[in-house]
Number of protein chains: 2
Amino acid sequence: MEKNGKISSAVIRRLPKYYRYLGELKRMGVNKTSSRELSEMTGFSASQIRQDLNNFGGFGQQGFGYDVESLRFEIGKILGLDKKYKVIIVGAGNIGEAIANYTGFYEADYEVVSLFDKNPKLIGLSIRNAVIRDIDYIEEYLKAEKVDIAVICTPKSVCQQIAEKIVACGIKAIWNFAPKDLKMPEGVYVENVHLNESLFSLTYYYNKLKGE
Amino acid sequence: MEKNGKISSAVIRRLPKYYRYLGELKRMGVNKTSSRELSEMTGFSASQIRQDLNNFGGFGQQGFGYDVESLRFEIGKILGLDKKYKVIIVGAGNIGEAIANYTGFYEADYEVVSLFDKNPKLIGLSIRNAVIRDIDYIEEYLKAEKVDIAVICTPKSVCQQIAEKIVACGIKAIWNFAPKDLKMPEGVYVENVHLNESLFSLTYYYNKLKGE
DNA sequence: TAGATTGTTAATCGATTAACAATC
DNA sequence: TAGATTGTTAATCGATTAACAATC
């Protein structure tokens, strides 16, 4: 799909934003857009948007612009949103529960198939059709079921150990909400959502604003 | 504090990670560290770490390294973690509730003073000493109380409108969990936690791994 | 002192922006 | 056709890395 394998992560991280704004245009009934219009919406320069898209092929028409629906479809395909994903959530505490209820999963074909926790009071309960299972049986579960993505919402004291366990069972994609950098072997991708880093950055910029 | 006002955001976003690892070293009873050791822990190059720190002053000792406790303290001060912050959470649904229970606030002096929601079943309840109030009274509340940071956890359909309302009451720092880019006037800082963008990036890299 | 490691300047690398020919 | 806007190359900008003098 790509012209070469070296697309920078800065480009990849802009694609979801393009996808989202194209979805808004589509919902508004707009058929046609341009790099200039997308620039106004996203805040990225028109030149950068054209560069980004041309990493994956020419989706536009010279002199005309881009077809909203087909560009959205193509970006979705690049991101892999045309496929189905089975998701498990490890740790059914506050964050785990919130992620289980996260409606963003329905924007594409993600299915939360199970949660895992060690708290006996939680085991057996369900969140949106997904049962909370005993974390001691997670390996057994993963050997029986095909799972694409594991969301780690455990305390940081156990996240590394649990991550190693599920990776040994074949998990290759981890969405990590624990405030720790997981040390994983080659061939496993970890996407971190480090709330503490986000909050501290916000704090820095807030103080900077106040100081001016 | 800074040598000049143009510290890039890439630098700022690395500071919380230094702060976290220095905290770990401190907890382990390590007194002294070096850019080489921090490089091994964080994955950033030693050269980059020295460059980053020297944006704010010389915290090390040539030939020796860095004192763990004082470097941690200094980075904390740069980030503003030596000050107190009052936080409100707007939207007490799943994400709002999870954030209210977020223990990361206790790593520094953040206090969640109130939540706001429009759901009558939630109004009056408390989460960790913070009462959930009627969102219709948010302006009244903000006029009476000094609040530093507002966390937006509302549905995206109302986040822009609510953000405008609270900014008019003097809020200057927004931690935004709604999947939308808030359009805010100059002098307001918005830190976005866009879970959909994070999940879609993860999906891209997961597919890339599988394709290899 | 010798060894180690910072602070800082210079070199390199990569990402963004500008420019414009191609073409609808 | 004239106007508009892409696709793509070249120029610029900024961030990272390398190198090394300073110095503890």
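These numbers were taken from a predicted model, which means no experiment stands behind them. Residue numbers start from 1 in every chain, and the chains themselves are labelled A, B, ... in the order their sequence lines are given, proteins ahead of strands. Hydrogens, waters and symmetry mates play no part in the numbers below; they use all other heavy atoms, side chains included.
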Quick one: which protein N/O atoms are closer than 3.5 Å to N/O atoms of nucleotides 9-15 of chain D? Pair and distance per line, please.
{"from": "D:dT9", "atom 1": "O4", "to": "A:Q51", "atom 2": "NE2", "distance (Å)": "2.8"}

> Say you draw a straight line from CD1 of B:I138 to CG of B:L115; how long is it, rounded to the nearest 0.5 Å?
Replying inline: 10.0 Å
> CD of B:E37: more than 12 outside heavy atoms within 6.0 angstrom?
Replying inline: yes
Return the value, rounded to whole Å, for the distance between atom [atom1] of [X] and atom [atom2] of [N].
X	N	atom1	atom2	answer
A:I49	C:dT17	CD1	C1'	13 Å
A:F59	D:dT6	CZ	P	14 Å
B:Q61	D:dT23	CD	C1'	10 Å
B:D52	C:dT8	CG	P	14 Å
A:F64	D:dA4	CZ	C1'	11 Å
A:F56	D:dG7	CZ	P	14 Å
B:L53	C:dT8	CG	C1'	13 Å
A:D67	C:dC24	CG	P	16 Å

> Do A:K32 and A:F64 meet the cation-pi criteria used here (NZ or CZ under 6.0 Å from the six-membered ring centre, within 45° of the axis)?
Replying inline: yes
> Given A:E97 and A:R128, is the salt bridge (charged side-chain N to carboxylate O under 4.0 Å, His left out) satisfied, shown in steps?
Replying inline: CA-CA 10 Å; A:E97 195 193 321; A:R128 289 183 181 243; over 6 Å; no
For the side chain of [X] and the backbone of [Y], is there at least one donor-acceptor N/O pair under 3.5 Å apart?
X	Y	result
A:N101	A:A98	no
A:T33	A:V68	no
A:S39	A:S35	no

> Just the dot-bracket of DNA chain C, please: which string comes out with Watson-Crick or G-U pairs under 3.5 Å, [ ] for crossing, | for another strand?
Replying inline: ..||||||||||||||||||||||
> Under 6.0 Å between ring centres, would you say that holds for B:F105 and B:Y85?
Replying inline: no
> Counting only side-chain N and O atoms of B:S45, is one of them less than 4.0 Å from OP1 or OP2 of D:dT17?
Replying inline: yes
>> Does D:dG7 have its OP1 or OP2 closer than 4.0 Å to a side-chain nitrogen or oxygen of A:Y66?
In response: yes
How about [X] and [Y]: does a side-chain donor come under 3.5 Å of a side-chain acceptor?
X	Y	answer
B:D148	B:Y110	no
B:N94	A:Y102	no
B:E139	B:Y141	no

Which pairs would a plain distance check flag for residues 176-186 of chain A, meaning a side-chain donor or acceptor within less than 3.5 Å of a matching protein atom at least two apart in sequence or in another chain?
{"from": "A:N176", "atom 1": "OD1", "to": "A:A178", "atom 2": "N", "distance (Å)": "3.0"}
{"from": "A:N176", "atom 1": "ND2", "to": "A:A178", "atom 2": "O", "distance (Å)": "3.2"}
{"from": "A:N176", "atom 1": "ND2", "to": "A:K180", "atom 2": "O", "distance (Å)": "2.9"}
{"from": "A:N176", "atom 1": "ND2", "to": "A:N192", "atom 2": "OD1", "distance (Å)": "2.9"}
{"from": "A:D181", "atom 1": "OD1", "to": "B:K17", "atom 2": "NZ", "distance (Å)": "3.2"}
{"from": "A:D181", "atom 1": "OD1", "to": "B:R20", "atom 2": "NH2", "distance (Å)": "3.4"}
{"from": "A:D181", "atom 1": "OD2", "to": "B:R20", "atom 2": "NH2", "distance (Å)": "3.2"}
{"from": "A:D181", "atom 1": "OD2", "to": "B:Y21", "atom 2": "OH", "distance (Å)": "2.6"}

>> What residues from residues 29-42 of chain B pass a heavy-atom cutoff of under 4.0 Å to DNA chain D?
In response: none
> At their closest point, which heavy atom of B:C153 faces which heavy atom of B:I95, and how far apart are they?
Replying inline: SG-CG2, 3.9 Å
Check nucleotides 20-22 of chain D against the protein and report each pair of N or O atoms closer than 3.5 Å, with its distance, or say if there are none.
{"from": "D:dA22", "atom 1": "N3", "to": "B:Q62", "atom 2": "NE2", "distance (Å)": "3.3"}

>> Nearest heavy atom decides the nucleotide; on that basis, is B:G65 or A:V11 closer to the 5' end of DNA chain C?
In response: B:G65
> With sequence neighbours left out, which residue pairs that include part of residues 155-164 of chain A fulfil the salt bridge (charged side-chain N to carboxylate O under 4.0 Å, His left out) condition?
Replying inline: none
